[in-house]
Q: 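Just dropping this structure here.
In what follows, chains are A, B, ... by sequence order, proteins preceding strands, each numbered from 1. Everything numeric here is computed off the predicted structure, so don't read it as measured data.
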Number of protein chains: 2
Amino acid sequence: MPEFAELSIAGLTRVLEDFTRMHIRLPAERRLSFTTLSVLHTLAGDGPKRLTELAGSEQVTQSAITQMVTKLEREGLVERHPDPSDGRAVLVSVTAAGAAIVDGRRAERMARLSELADRLTEAERTAIAAALPALARMVELHSTAIGDSPIEREACAGDSGTDTPRDSARR
Amino acid sequence: MPEFAELSIAGLTRVLEDFTRMHIRLPAERRLSFTTLSVLHTLAGDGPKRLTELAGSEQVTQSAITQMVTKLEREGLVERHPDPSDGRAVLVSVTAAGAAIVDGRRAERMARLSELADRLTEAERTAIAAALPALARMVELHSTAIGDSPIEREACAGDSGTDTPRDSARR
DNA sequence: GTAACTTAATTAAGTTTCTGATACAGTTCG
DNA sequence: CGAACTGTATCAGAAACTTAATTAAGTTAC
């Protein structure tokens, strides 16, 4: 084992793409579309958000988010609350039922990953464990750097308005 | 760095979820839907496939794939060819133009990951590099397992203990 | 060899989800 | 206060997906 392995960005990218594919193709659980599940995941992870914030992070129009939230509200998966700091805005939060769906999907992923990890060698598991903090920090760096990245802005072609998707500092 | 770190499946799951989110919300480059991009990615990675194979891996119906391939064919991103080994089947392959789209997206991801990796410490990069082979093997183990057990089938509605709320008005 | 069954892809019709445009209420600023 | 701006909602139409029915090629049984 070389002590100074150079990190292959291509290799990392490839592996992460494969895991992405693996995670996405998982469900079908209930009649929930991909975007719907993503919204629930975002709300469960980041806490209540405005409709415009959701539209930005999910890369669909605000109109689509309004309609989706209306539907999810009817099904009892999310709730609308007025934003105390702005009379126009609505804060969408996930309900216990909605969080249960997110948790259920996570449990499935964990079960699958656990099964795969069991078939690795002890050394392989240790190597992954040792890399976890570094990987987590990459994610951390990413989320704090969104304001800088020019890629984010360029991506949202055709989106109306699109102010910079600021972080959810409200919690 | 501890020598005998136990692998936290929860931590691994969480990090991979975050990367997934990071990868998906990336572009919007050329008005292509998520499923469409996924199909191109699959074809570019795995080579020519039948429509039924694509339907299975993308978790949409065969009919949807037929329509999507027809559209992609008109746009010059994929090609249909008869399967020499089976007169009923069609082999779909990605064109150079289609591959260019996949490569472009990958390049963006690599650029972003590279930028993040630059801000890690040397030790962190080394840790990730050391874990890459093990992560790749997990993906490998996963894909070989698919052929055996049809997890992809609707059976995965398991949701592991989380009783999903009953549908209120389904309409 | 042909009748019955299976498999691969297409077509048609109907449903869900998204976009674009517009309306409207609340906020900000002169 | 009035003008400009921002956050949501609504509606018509487009796009993507599903189910069901159809065509065609391959397989099995007699």
Side-chain angles (χ1 to χ4, degrees), chain A residues 24-25 27-28 30-40 48-75 77-93 155-166 168 170, chain B residues 24-25 28 30-40 48-75 77-93 150 153-154 167 169-171:
Chain A
I24 287 176
R25 296 312 176 192
R30 235 180 100 177
R31 261 294 188 239
L32 298 176
S33 75
F34 165 73
T35 306
T36 299
L37 289 168
S38 186
V39 165
L40 288 178
K49 279 187 179 260
R50 293 182 177 191
L51 291 174
T52 40
E53 288 181 298
L54 280 175
S57 69
E58 305 301 329
Q59 296 226 336
V60 292
T61 62
Q62 176 261 319
S63 178
I65 292 290
T66 295
Q67 298 172 64
M68 175 185 309
V69 166
T70 300
K71 177 171 155 265
L72 288 177
E73 202 177 20
R74 273 203 307 266
E75 298 177 4
L77 302 179
V78 303
E79 283 174 349
R80 273 187 170 98
H81 294 293
D83 186 339
S85 71
D86 189 333
R88 303 164 292 182
V90 169
L91 287 179
V92 185
S93 57
C156 315
D159 199 353
S160 61
T162 359
D163 63 342
T164 46
R166 292 210 302 130
S168 56
R170 70 186 79 247
Chain B
I24 287 177
R25 297 310 173 196
R30 203 189 129 174
R31 265 294 175 258
L32 296 174
S33 76
F34 165 72
T35 305
T36 300
L37 289 168
S38 186
V39 164
L40 288 178
K49 278 185 179 266
R50 296 182 174 190
L51 292 172
T52 40
E53 289 179 297
L54 281 175
S57 69
E58 305 301 329
Q59 294 227 337
V60 292
T61 61
Q62 193 179 11
S63 180
I65 293 290
T66 294
Q67 298 170 62
M68 172 185 310
V69 165
T70 300
K71 176 171 156 265
L72 287 177
E73 201 177 20
R74 273 200 308 264
E75 297 176 8
L77 301 180
V78 303
E79 283 174 347
R80 273 188 171 95
H81 295 292
D83 185 340
S85 71
D86 189 335
R88 302 165 294 181
V90 169
L91 286 180
V92 184
S93 57
R153 250 358 195 175
E154 193 174 3
D167 296 12
R170 192 213 309 250
R171 214 171 82 71

Q: In whole angstroms, how far is the P atom of C:dC18 from the CZ atom of B:Arg31?
A: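 About 13 Å, once rounded to whole Å.
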Q: Expressed in angstrom and rounded to an integer, what is the separation of A:Glu58 atom CD from C:dT19 atom P?
A: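 From A:Glu58 CD to C:dT19 P: 12 Å.
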Q: In whole Å, I'd like the distance from the CG atom of B:Asp83 to the C1' atom of D:dG26.
A: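 In whole Å, D:dG26 C1' lies 12 Å from B:Asp83 CG.
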Q: Which of these, A:Ile65, A:Asp83, A:Val90, sits in a side-chain contact (heavy atoms from CB on, under 4.5 Å) with A:Arg50?
A: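 Filter result, single survivor: A:Asp83.
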Q: Should B:Val78 and B:Val39 count as side-chain neighbours, where that means a heavy-atom distance under 4.5 Å?
A: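 Not touching, per the 4.5 Å side-chain cut-off.
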Q: For A:Thr70, what residues pass the side-chain hydrogen bond (donor to acceptor under 3.5 Å, both in side chains) criterion, not counting sequence neighbours?
A: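 Here the qualifying residues are A:Arg80.
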Q: Distances under 3.5 Å between protein N/O atoms and the N/O atoms of nucleotides 8-10 of chain D, please, pair by pair.
A:
from   : atom 1 : to      : atom 2 : distance (Å)
D:dT8  : OP1    : A:Leu51 : N      : 3.4
D:dT8  : OP1    : A:Val90 : N      : 3.0
D:dT8  : OP1    : A:Val90 : O      : 3.2
D:dT8  : OP2    : A:Thr52 : N      : 3.0
D:dT8  : OP2    : A:Thr52 : OG1    : 3.2
D:dA9  : OP1    : A:Arg80 : NE     : 3.1
D:dA9  : OP2    : A:Arg80 : NH2    : 3.1
D:dA9  : N7     : A:Gln62 : NE2    : 3.2
D:dT10 : O4     : A:Ser63 : OG     : 3.1

Q: If you pin A:Gly87 and A:Ser33 to their nearest nucleotides in DNA chain C, which one's is more 5'?
A: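 Comparing both residues, the 5'-ward one is A:Ser33.
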Q: Using a heavy-atom cut-off of under 4.0 Å over every strand shown, decide if A:Asp86 touches base, sugar-phosphate, or nothing.
A: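 Answer is sugar-phosphate: A:Asp86 comes under 4.0 Å of backbone atoms only.
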Q: If you look at every strand shown and take non-hydrogen atoms under 4.0 Å, does A:Thr35 touch a base, only sugar-phosphate, or nothing?
A: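 Sugar-phosphate contact only - A:Thr35 comes under 4.0 Å of backbone atoms but never of a base.
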Q: Rounded to the nearest 0.5 Å, what's the gap from CE on A:Met68 to CG on A:Leu40? Could you check?
A: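 Rounded to the nearest 0.5 Å, the CE-CG separation comes out at 9.0 Å.
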Q: Could you give the CZ-to-C1' distance, from B:Phe34 to C:dT19, as a whole number of Å?
A: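 So the two atoms are 20 Å apart, to the nearest Å.
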Q: Verify whether one side chain among B:Gln62 and B:Thr66 offers a donor that lies under 3.5 Å from an acceptor in the other.
A: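 Judged by distance alone, the side chains do not pair up.
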Q: Does a nitrogen or oxygen in the side chain of A:Lys71 sit under 4.0 Å from OP1 or OP2 of C:dT16?
A: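 Negative; the distance criterion is not met.
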Q: In chain order, what residues pass the side-chain hydrogen bond (donor to acceptor under 3.5 Å, both in side chains) check against A:Thr36, with sequence neighbours excluded?
A: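 Listed in chain order: A:Ser33.
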Q: Heavy atoms, side chains only, cut-off 4.5 Å: are B:Leu32 and B:Glu75 in contact?
A: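 Result yes, sub-4.5 Å side-chain heavy-atom pair found.
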Q: Let me know the distance between CG of B:Leu72 and C1' of C:dT10, rounded to the nearest Å.
A: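 These atoms are roughly 16 Å apart.
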Q: Between B:Ile65 (CD1) and D:dT19 (P), how many Å, whole number?
A: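 After rounding, the reported distance stands at 14 Å.
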Q: Calculate the interatomic distance between B:His81 atom NE2 and C:dA8 atom C1'; express it in whole Å.
A: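 About 18 Å, once rounded to whole Å.
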